[in-house]
Amino acid sequence: MDLRPTSYPGVLLRASHESDYGALYRIFTASQRELMEAIHNLEDSQRESLMGMQFEAQQIHYRTQYPGAIFNVVVANEQVIGNFYTFRKESEVRLIDISLLPEYRNRGIGHALLKQLLDQSAAQSLWVSLHVSVGNPAIRLYERLGFISTSTHGVHVHMQWAPPSL
């Protein structure tokens with residue numbers, strides 16, 4: 001497997017494979033706290049079924065809306081701990097999704113991955129854009145890195161980062 005180092009020691013990126021399905025599903029469910037709260041009164045089997053359908057729908061959406069996107073997993077200690085999905089357009093990189101398992105959050109890993117993406121984008125004079133759920137604590141991280149909110153659509157905030165040369 002083609003493991004690529006990141007700027008965070010011991011954390012690597014590699015292309016996602018079908019064998020990562022279970023790990024990616026765990027990452028997805030861990031990042032869906034609003035949905036989990038909304039369906040807390042369902043039976044376990046119903047909740048699991050609904051989460052599975054939501055995960056499948058997300059994966060299909062990403063792959064159909066972003067053909068040619070880079071679907072990476074984040075690896076530490078030989079374990080998949082997150083995902084990092086990006087899509088390059090003509091003058092922009094879209095951060096499709098970045099998620100880490102809860103025990104790996106607030107350690108600087110997400111910051112390092114994003115900073116690395118911004119540095120690479122700056123070198124090519126590319127904008128970076130993303131959508132994030134309203135109220136997601138990651139908004140503060142994005143703002144510290146220089147992203148600005150450009151609009152809100154329903155439950156999502158659109159944010160952009162401009163390379164320093166622009």
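In what follows, residues are counted from 1 in the order of the sequence shown. Please read these numbers as outputs of a predicted model, since none were measured by experiment.
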- [ ] Among residues two or more places apart or on two chains, list those pairs meeting salt bridge (charged side-chain N to carboxylate O under 4.0 Å, His left out) that have a residue in residues 133-142.
- [x]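 Residue pairs with at least one partner in residues 133-142: there are none.
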Open item on the list: Suppose the criterion is salt bridge (charged side-chain N to carboxylate O under 4.0 Å, His left out): which pairs have a residue in residues 113-134, not counting sequence neighbours?
Closed with: Lys115-Asp119
Of all residues at least two apart in sequence or in a different chain, which pass the side chain to side chain donor-acceptor pair (under 3.5 Å) check with [X]?
{"X": "Arg144", "result": "none"}
{"X": "Glu143", "result": "none"}
{"X": "Tyr66", "result": "Arg94"}

N/O donor to acceptor pairs below 3.5 angstrom from side-chain atoms of residues 3-11, sequence neighbours left out:
residue	atom	partner	partner atom	Å
Arg4	NH1	Asp2	O	3.4
Arg4	NH2	Asn72	OD1	2.7
Thr6	OG1	Tyr8	N	3.1
Thr6	OG1	Tyr8	O	3.2
Thr6	OG1	Val11	O	2.8
Ser7	OG	Ala112	O	3.3
Tyr8	OH	Arg107	O	3.2

Return a table of donor-acceptor pairs under 3.5 angstrom between the side chains of residues 77-86 and protein atoms on other chains or two or more places apart.
residue	atom	partner	partner atom	Å
Asn83	ND2	Asp97	OD2	3.2

Those residues that, when tested against [X], pass side-chain contact (heavy atoms from CB on, under 4.5 Å) (two or more places apart):
{"X": "Thr64", "result": "Ile60"}
{"X": "Ser45", "result": "Glu43"}
{"X": "Tyr21", "result": "Phe55, Glu56"}
{"X": "Gln124", "result": "Arg88, Leu126"}

Task: Side-chain (His17) to main-chain (Ala15) donor-acceptor, under 3.5 angstrom - done: yes
Inter-residue atom distance [X].[atom1] - [Y].[atom2], 0.5 Å rounding:
{"X": "Met53", "Y": "Gln58", "atom1": "CE", "atom2": "CD", "value": "14.5 Å"}
{"X": "Phe147", "Y": "Leu141", "atom1": "CZ", "atom2": "CG", "value": "8.5 Å"}
{"X": "Leu114", "Y": "Ile98", "atom1": "CG", "atom2": "CD1", "value": "4.0 Å"}

- [ ] Tell me, yes or no, whether the heavy-atom count around Leu101 atom CG, taken from other residues, nucleotides or ligands under 6.0 Å, exceeds 12.
- [x] yes
- [ ] Under the ring pair (Phe, Tyr, Trp, His ring centres under 6.0 Å) rule, collect the residues that match up with His111, sequence neighbours excluded.
- [x]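 By the ring pair (Phe, Tyr, Trp, His ring centres under 6.0 Å) rule, His111 matches no residue at all.
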- [ ] Measure across Ala122 and Pro163 and return the closest heavy-atom pair with its distance rounded to 0.1 Å.
- [x]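 Between these two residues, the closest heavy atoms are CA-CB, 4.0 Å.
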Open item on the list: Can you give me the closest heavy-atom contact between Phe87 and Gly68, atom names plus distance?
Closed with: CD1-C, 4.4 Å
